[in-house]
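Worksheet: the structure to be examined is printed underneath.
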Amino acid sequence: MRKLTVSFFILGVLAGFLVLGQGIPVCAQEPIKIGAIYDFVGGCHMYSETGVKGIKIALEEINAKGGILGRKVEYIVRDTEGKVDVAVREVKDLILREKVNFLIGPCSSGTGLAMQVVHSEYKVLRISPIANTEGQTVDKFSPYFVQVVPNTYMEAVAATRYLHKKVPKAKKFCTIGPDYEFGRREETAFADEIKRLVPDAEIVYQAWPKLGEKDFTAFITAIMAKKPDAVHGSLFGGDLVSFTKQAAPYGFFQKTPFIALYDFPVLLALGPDAPEGTFGFGRGCFFMDPNPKMMEFVEKYKKATGEYPDGWAVQNYDAVYLLKAAIDKAKTTDTEAVIKAIEGMPFEGLRQQFSIRALDHMGTVPCYQGTIAKDPKYPFKIWTDLSRVPGDQVIRPEASVREIWKKTGVVR
């Protein structure tokens with residue numbers, strides 16, 4: 001009996017070592033851990049909430065099919081509260097105490113730049129599906145960072161071209177953007193692009209409300225007093241909802257061609273008050289790219305949440321599957337191997353195919369624009385005259401990136 005027991009024990013150990021060819025007994029396989037670090041506050045709250053829903057759905061699918069490399073994938077959610085010091089504290093805790101393998105997030109460009117210093121020091125890879133300052137991939141480049149949301153340069157260039165197409169004779173412009181990293185960069189990129197398209201263009205006024213501004217009256221009246229031919233905005237979320245409701249009584253949208261981040265959450269929040277005929281730009285809400293894979297995700301998301309997916313859920317879902325594809329390709333969760341695998345790797349996501357540029361780890365993800373309109377298929381307004389601009393058409397040229405790196409001291 002003793003010999004038989006020992007034989008079964010040895011057979012069991014040998015079987016464990018053969019599982020998935022990993023050389024480790026299946027019972028000893030540790031889960032792969034992802035830290036989902038987001039800003040559940042202000043205008044970022046709704047984006048962070050739906051972003052985490054996208055992560056959850058992706059991981060449930062992956063785990064149901066055996067995980068990644070035969071390992072279950074877990075995620076731990078942390079809140080930065082929109083504060084740089086909290087972001088630094090939480091990302092350190094995720095790395096040192098929770099021992100996460102990878103990070104996804106945040107929403108705010110400000111907290112994203114702060115945590116980039118920390119996770120780069122500890123050589124932990126982070127993927128950003130929402131925070132989109134170009135500083136993450138250019139000025140403050142780190143090999144331990146990948147961006148799958150169009151950055152401020154790409155987004156502003158694409159939106160500016162759409163605005164110019166819609167109002168080709170416009171020469172006199174105003175801008176309005178939140179007074180922090182994201183807004184400043186978007187409006188700088190707009191100014192550069194509109195002057196390239198219209199050499200004699202003039203920006204007669206720039207409004208810089210603080211993030212979370214409650215009263216936009218002074219900015220609205222100042223813009224209208226300038227009588228611009230068109231206005232470029234980078235307001236988003238709750239700020240754009242407040243601005244729109246406060247600007248409507250002034251006849252702003254009837255008198256002034258305007259473009260801003262009128263994505264699905266904003267359109268839903270505005271309901272019947274969403275200004276038809278006004279232009280919007282976005283990053284991949286379901287109606288912006290109704291390809292078969294996207295529409296299949298719509299049904300999954302609706303079944304899981306009872307809602308339609310916005311671009312933030314879409315981008316986070318893509319981020320998880322991009323990470324899975326890189327790990328599968330590398331055949332390991334080793335950070336350096338995953339980074340090597342992800343560079344230049346083509347990826348077929350919900351927004352169709354894109355790749356991660358090896359130079360700066362910027363995804364050649366598409367940018368979307370359209371015009372707010374009713375659609376009989378939905379109980380809310382979406383866009384008509386859809387435009388999908390492939391990322392490689394608006395991404396900053398590599399020579400330009402290298403030139404900036406020379407000035408900022410980035411070594412690549």
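We number each residue from 1, following the sequence as shown.
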So does [X] pair up with [Y], basic N to acidic O under 4.0 Å?
{"X": "Lys407", "Y": "Glu403", "value": "no"}
{"X": "Asp200", "Y": "Lys171", "value": "yes"}
{"X": "Arg388", "Y": "Asp289", "value": "yes"}
{"X": "Lys293", "Y": "Glu348", "value": "no"}
{"X": "Lys166", "Y": "Asp385", "value": "yes"}
{"X": "Lys324", "Y": "Asp328", "value": "yes"}
{"X": "Arg412", "Y": "Glu343", "value": "yes"}
{"X": "Lys377", "Y": "Asp375", "value": "yes"}

Exercise for the section: Before giving the answer on salt bridge (Lys or Arg N to Asp or Glu O under 4.0 Å), spell out for Arg78 and Asp93 the whole-Å C-alpha distance, their side-chain angles and the decisive distance to 0.1 Å. Expected result: CA-CA 10 Å; Arg78 291 294 176 85; Asp93 190 67; 2.8 Å; yes

Examine distances only and state if a side-chain atom of [X] and a backbone atom of [Y] form a donor-acceptor pair shorter than 3.5 Å.
{"X": "Thr335", "Y": "Val124", "result": "no"}
{"X": "Gln246", "Y": "Lys214", "result": "yes"}
{"X": "Ser142", "Y": "Tyr144", "result": "yes"}
{"X": "Gln116", "Y": "Gln136", "result": "yes"}
{"X": "Arg126", "Y": "Gly112", "result": "yes"}
{"X": "Asn63", "Y": "Lys72", "result": "no"}
{"X": "Thr278", "Y": "Phe258", "result": "no"}
{"X": "Trp383", "Y": "Tyr262", "result": "yes"}
{"X": "Lys381", "Y": "Pro272", "result": "yes"}
{"X": "Lys99", "Y": "Leu96", "result": "yes"}

Parallel, tilted or perpendicular: rings of [Y] and [X] (30°, 60°):
{"X": "Tyr38", "Y": "Phe40", "result": "perpendicular"}
{"X": "Phe141", "Y": "Trp405", "result": "tilted"}
{"X": "Phe281", "Y": "His232", "result": "parallel"}
{"X": "Tyr180", "Y": "Phe236", "result": "tilted"}
{"X": "Phe243", "Y": "Phe253", "result": "perpendicular"}

Practice task
Report yes if some heavy atom in the side chain of Ser120 is under 4.5 Å from a heavy atom in the side chain of Phe145; otherwise report no.
Solution key: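 With C-beta onward as the side chain, the pair stays apart.
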
Practice task
Dump the intermediate steps for ring-ring contact (aromatic ring centres under 6.0 Å, His included) on Phe216 and Phe252, then the final yes or no.
Solution key: CA-CA 12 Å; Phe216 289 91; Phe252 181 90; over 10 Å; no

Exercise for the section: Applying salt bridge (Lys or Arg N to Asp or Glu O under 4.0 Å) between Asp179 and each of Arg185, Arg184, Lys210, report the one that passes. Expected result: Arg184

Exercise for the section: Test side-chain hydrogen bond (donor to acceptor under 3.5 Å, both in side chains) on Gln206 and Thr175 and set out the steps. Expected result: CA-CA 5 Å; Gln206 291 192 292; Thr175 69; 3.2 Å; yes

Practice task
List the steps and the verdict of ring-ring contact (aromatic ring centres under 6.0 Å, His included) for Tyr308 and Phe380.
Solution key: CA-CA 11 Å; Tyr308 284 88; Phe380 41 76; 5.4 Å; yes

Practice task
Kindly indicate, with the supporting measurements, whether the criterion salt bridge (Lys or Arg N to Asp or Glu O under 4.0 Å) is fulfilled by Lys169 and Asp229.
Solution key: CA-CA 8 Å; Lys169 295 182 179 180; Asp229 298 323; over 6 Å; no

Handout entry: Results of disulfide bond (SG atoms under 2.5 Å apart) for Cys285 - residues two or more places apart only
Key = none

Exercise for the section: Check the pair Ser108, Asp39 against side-chain hydrogen bond (donor to acceptor under 3.5 Å, both in side chains), reporting the backbone distance first and the verdict last. Expected result: CA-CA 7 Å; Ser108 164; Asp39 318 278; 5.0 Å; no

Exercise for the section: Please lay out, stage by stage, how Tyr317 and Glu61 fare under the test side-chain hydrogen bond (donor to acceptor under 3.5 Å, both in side chains). Expected result: CA-CA 11 Å; Tyr317 183 91; Glu61 291 176 356; 2.6 Å; yes

Handout entry: Pair listing, disulfide (SG to SG under 2.5 Å) test, anchored in residues 53-128, at least two apart
Key = Cys44-Cys107

Exercise for the section: Start with the C-alpha gap between Glu213 and Ser242, add the side-chain angles, then the distance that decides, and say whether side-chain hydrogen bond (donor to acceptor under 3.5 Å, both in side chains) holds. Expected result: CA-CA 8 Å; Glu213 178 64 63; Ser242 296; over 6 Å; no

